[in-house]
Every structure is written in structure tokens, then in C-alpha cells.
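What follows is a short report on a single structure.
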Amino acid sequence: MTKAKFYKSGLRFECSECGQCCTGTGGYVEVSRREAETIAGFLKLAEQEFLEQYIDFPEGGDRLRLKSGANGDCVFLADNRCRIYPARPLQCRTFPFWPENLKSPYRWKLAARVCPGIHRGRRYSAAEIEEILGAMKNRDAKE
Ligand code: SF4
């Protein structure tokens, strides 16, 4: 028997654009080669130029890691705003509906300590949440 998901009645979330999820140490943002191309295009940079300026270990595999500042902030965070918001990668677009945050009500509560958008705004249905989780899983399976 499948265990009922704690979010079967949905979860509320609305981003307040506080920038908290883009700051501090302990995390990093991964982008695919395709996402890197999209961001480079958004910034009107040649791919190589983009890789040199914004990616750690650009010679790495298909999963590339965005650089962080000395304080751990995302390289694209400026004045608490994302400089590439319209072209931001899947990892950013799907926050806070990440598998690790949806493992249990406790993990969701922990995520809410970082993200003031949790527990407010519109209610995402369980189906919508599953769709977001599926997008993350597909990304992981492809790369
Ligand atoms: S921490 Fe939450 S509310 Fe703040 S910018 Fe990130 S997603 Fe939005």
C-alpha cells in the first residue's frame, strides 16, 4: 500500500522575492549545458565567456555549477534580486518544491524557516507538486 503524501491537500507557497534561497553557504546551483546556453543568451554573452565568468569547473561534465561569492551568495544575486530571473534554471524555478523538502512535514517546516513564501499565497495542488517533482527527476535522469 502506498503511503499517503502529507501534501495530498496541497501546499501553499508564494515567493516574496526576499532572496533568502539564493544566499549563504551550504548549497549551490547546478545548471545543464542547455540552461547555461539559455542564461548566456539572456546575458548576451558568448558561451565560452559565460562559462569562464560564471561557472566553477567549466570543463566539467553536463552538470555545471554556478559560482558563489565568498559569503556563499549566488553569483547572480544583486541587491537581493536575481539578475537572470527570466532565464533562471530549473533548480531555482522549482524551489521550494524539491524532493528533500517534500520528504516529510518536518522537512517542509524546516524549509519554511529559510523561505518565508511557504505557508502563504496560493495553494499548489498535489498534482502540481508531483508535476514539479517529475520535472526535477527528469532532469536528473537525463544528465
Ligand atoms: S526564500 Fe522563498 S520567498 Fe524568499 S526568494 Fe526564495 S523562494 Fe522566494
Side-chain angles (χ1 to χ4, degrees), residues 2-47 49-58 60-143:
T2 322
K3 208 170 132 197
K5 299 279 171 40
F6 78 91
Y7 53 82
K8 65 180 189 307
S9 305
L11 292 170
R12 295 201 322 145
F13 166 66
E14 183 179 294
C15 180
S16 66
E17 299 183 24
C18 67
Q20 282 294 340
C21 56
C22 320
T23 63
T25 52
Y28 52 85
V29 178
E30 283 186 339
V31 298
S32 66
R33 291 268 167 193
R34 189 178 299 174
E35 287 176 323
E37 273 172 36
T38 303
I39 302 168
F42 179 78
L43 294 170
K44 300 188 173 35
L45 289 176
E47 199 183 337
E49 203 180 349
F50 169 78
L51 292 174
E52 283 166 14
Q53 279 186 45
Y54 296 111
I55 298 292
D56 272 335
F57 315 115
D62 288 337
R63 292 281 272 285
L64 302 167
R65 192 180 285 200
L66 291 186
K67 285 185 179 176
S68 306
N71 56 2
D73 287 3
C74 176
V75 67
F76 290 119
L77 188 69
D79 296 327
N80 265 6
R81 295 272 174 187
C82 174
R83 284 173 47 213
I84 57 160
Y85 194 80
R88 69 199 187 287
L90 187 71
Q91 182 176 330
C92 306
R93 281 188 281 127
T94 54
F95 184 82
F97 298 108
W98 289 352
E100 56 267 45
N101 293 338
L102 293 165
K103 272 189 179 156
S104 67
Y106 175 69
R107 296 295 290 267
W108 187 243
K109 210 166 142 185
L110 285 184
R113 286 193 194 165
V114 177
C115 173
I118 289 177
H119 302 316
R120 50 171 266 176
R122 96 161 169 93
R123 182 173 295 277
Y124 285 70
S125 69
E128 285 177 294
I129 295 167
E130 290 292 333
E131 197 177 325
I132 296 169
L133 282 172
M136 286 295 278
K137 280 182 193 150
N138 276 343
R139 181 200 75 162
D140 292 344
K142 273 188 207 152
E143 291 157 13

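As the structure lists them, so they are numbered: ligands from 1, and atoms in each ligand from 1.
- Residue-environment remark: CD (E131) stays at or below the threshold of 12 foreign heavy atoms within 6.0 Å.
- Side-chain contact between C92 and Y85: absent, with no pair of heavy atoms (C-beta onward) separated by less than 4.5 Å.
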Worked check of side-chain contact (heavy atoms from CB on, under 4.5 Å) between Q91 and E35: CA-CA 10 Å; Q91 182 176 330; E35 287 176 323; over 6 Å; no
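- Taken from CD1 in I84 to CG in L77, the straight-line distance is 10.5 Å, to the nearest 0.5 Å.
- Between W98 and F95, the angle of the ring planes goes over 60°, which puts this pair in the perpendicular group of the 30/60° scheme.
- The distance from atom 6 (Fe) of ligand 1 to the nearest N/O/S atom of C21 is under 2.8 Å.
- Which parts of ligand 1 touch C115 is read off a 4.0 Å heavy-atom cut-off, strictly below it: atoms 1 (S), 2 (Fe), 3 (S), 7 (S).
- Between S16 and ligand 1 there is a heavy-atom distance shorter than 4.0 Å.
- Among protein heavy atoms, the minimum distance from atom 8 (Fe) of ligand 1 is reached at C15 SG, 2.4 Å.
- For K67, the NZ atom sits in a packed shell: over 12 heavy atoms of surrounding residues, nucleotides or ligands are nearer than 6.0 Å.
- When hydrogens are left out, the protein atom nearest atom 5 (S) of ligand 1 is G19 N, 3.2 Å; that is the closest non-hydrogen contact.
- The shortest contact between atom 7 (S) of ligand 1 and any protein heavy atom is with F95 CD2, 3.6 Å.
- Under a 4.0 Å criterion applied to the non-hydrogen atoms of G117, ligand 1 contributes the atoms 3 (S).
- Contact atoms of ligand 1 toward Q20: 1 (S) (distance under 4.0 Å to a heavy atom of the residue).
- C18 lies apart from atom 8 (Fe) of ligand 1 in this respect, since none of its N, O or S atoms is found at a distance under 2.8 Å.
- If you look at Y124 and Y7, their ring centroids are not closer than 6.0 Å.
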